[in-house]
Amino acid sequence: MLKTFAGALGAALIVATGATSGAVAADLSGAGATFPAPIYAKWAEAYKAQSGVGLNYQAIGSGGGIKQIKAKTVDFGASDKPLKPDDLNSSGLYQFPTVIGGIVPVVNLPGIAPGQLKLTGNVLAAIFYGQIKTWNDPNIVKINPGVNLPSMPITVVHRSDGSGTTFLFTSYLSLRSPAWASKVGASDSINWPVGIGGKGNDGVSAFVKQTVGSIGYVEYAYAKENNATYALVSNKAGKFPQPQEPAFAAAAAGANWGAAPGNYLLLLDQPGANAWPITGATFILVYKNQENAAQGQGVLKFFDWAYKNGDAAASSLAYVPLPLTVKNLIRKQWAANVMSAGKPVYVSK
């Protein structure tokens, strides 16, 4: 049976939103990306037990998270698609990263083991465009010598909701395929040429699990939890690294957050033999001017706690924690960017 993070997340949120005697602050609300939902659930449960403060996080997709924070219906939004500085400024928002992860193609192919199938960016783009229609297509066979690829049609599975995972995946396809870039492009929501849509990483995982001959894309934690058959993807160096924490860390190794206006930074197709090509950070969105200083403080205090105490949980789910230097940079940004009545709502100690 397919395991999903919906149950785990729901359990965490039941704990997080239940009434607790002696709670020191109001519960927090957030919405957005499904990419980090597994780690936010773990952090929420542990933080609730320690502080008495709960987190009600709705994993509705990055597009939904951006809409909800702009509508001021939640304390924070979450997105794997970072907003560009102009969009942040026009909306009065500030964003910061929490963890780094990888997106992997997952397949349902009889006789194919996890990591046995190899794909290039160009071939992936041709599959998701509908140009490559069968698994024994010569373009796939060429990069998989000795692999017994079945003669069956390919069913493409994609996200049906506005998704930062989709933004990162289609941005990668655009980098590797000029045809994809010109005909389809990169966004959190696109007009897919072919395929069926699933809501959230869970939805894509479920469709691939039940559809023989299918291929989809999910955050690696979902593939790991569901024991899904993932494919390897060639990186900029022409290598096929395993999609695991060291490869995600290798892709992030050269990231210069200090030189990224608005923390807008993509980690796709980075150099290095060990770098996973579809790597990305996930982000939190809050208002620079906090109408409710206590809630704004609560959000930053929660993520500061996660920075200090949440690395082991993140690693257990194959996310890459931010380096300490980056965490300290973000902490300084909080004090300078998130204000109420002209004063910082939270200063990390």
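In what follows, residues are counted from 1 in the order of the sequence shown.
The aromatic rings of Y307 and W334 sit parallel, their planes meeting at an angle under 30°, below the 60° perpendicular limit. Y40 and F76 have perpendicular rings, their planes meeting at more than 60° on a 0 to 90° scale where under 30° would count as parallel.
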Open item on the list: Please determine whether side-chain contact (heavy atoms from CB on, under 4.5 Å) holds for the pair K308 and D304, giving the CA-CA distance in whole Å, both sets of side-chain angles, and the decisive distance to 0.1 Å.
Closed with: CA-CA 6 Å; K308 294 172 182 174; D304 195 21; 3.4 Å; yes

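Looking at K327 and D311, a side-chain N of the basic residue comes within less than 4.0 Å of a carboxylate O on the acidic one, giving a salt bridge.
With hydrogens and angles ignored, the 3.5 Å screen pairs a side-chain donor or acceptor of W276 with a backbone N or O of I103. At least one donor-acceptor pair closer than 3.5 Å links the side chain of Y287 to the backbone N or O of I69. Looking at N337, its side chain never comes within 3.5 Å of a backbone N or O of K288 through a donor-acceptor pair. Here the side chain of W135 pairs no donor or acceptor atom with the backbone of L109 at under 3.5 angstrom.
Sorted by first and then second residue, the ring-ring contact (aromatic ring centres under 6.0 Å, His included) pairs involving residues 140-166 (not counting sequence neighbours) are H158-W192.
No side-chain N or O of T166 forms a donor-acceptor pair with one of D188 less than 3.5 Å apart. Side-chain contact, D75 with Q295: a donor N or O sits under 3.5 Å from an acceptor N or O. Residues N309 and Q50 have side chains that never bring a donor and an acceptor to within less than 3.5 angstrom of each other.
Rounding to the nearest 0.5 Å places CG of L266 at 5.0 Å from CZ of F167. Annotation: the span from F303 atom CZ to I284 atom CD1 amounts to 3.5 Å, rounded to 0.5 Å. Distance check, rounded to the nearest 0.5 Å: OG of S171 to CG of L267 gives 12.0 Å. To the nearest 0.5 Å, atoms NZ (K236) and CG (D269) are separated by 5.5 Å. Distance CG/N148 to CG/N136: 9.5 Å, rounded to 0.5 Å.
Under the 4.5 Å side-chain heavy-atom criterion for ILVMFWY residues, no single connected hydrophobic cluster contains both Y94 and V347. V123 and V157 fall within a single hydrophobic cluster, where Ile, Leu, Val, Met, Phe, Trp and Tyr are joined by side-chain heavy atoms under 4.5 Å apart, directly or via other members. There is a path of hydrophobic side-chain contacts, each under 4.5 Å, that joins Y217 to Y230. Follow the hydrophobic side-chain contacts under 4.5 Å out from L285 and you never reach V338; the two are in separate clusters. Following chains of ILVMFWY side-chain contacts shorter than 4.5 Å, one can reach V326 starting from L300, so the two form part of one hydrophobic cluster.
For T279, the side chain to side chain donor-acceptor pair (under 3.5 Å) test picks out no residue, with sequence neighbours left out.
The side-chain heavy atoms of L232 and L117, taken from C-beta on, include no pair separated by under 4.5 Å. Counting heavy atoms from C-beta on, the side chains of V204 and Y222 never come closer than 4.5 Å. Contact check for D80 versus P36: side-chain heavy atoms found under the 4.5 Å cut-off. Side-chain contact between N139 and N122 is absent, with no heavy-atom pair separated by less than 4.5 Å.
The environment of K67 atom NZ is sparse: at most 12 non-hydrogen atoms of other residues, nucleotides or ligands sit within 6.0 angstrom. More than 12 heavy atoms of other residues, nucleotides or ligands shown are found within 6.0 angstrom of CG on N256.
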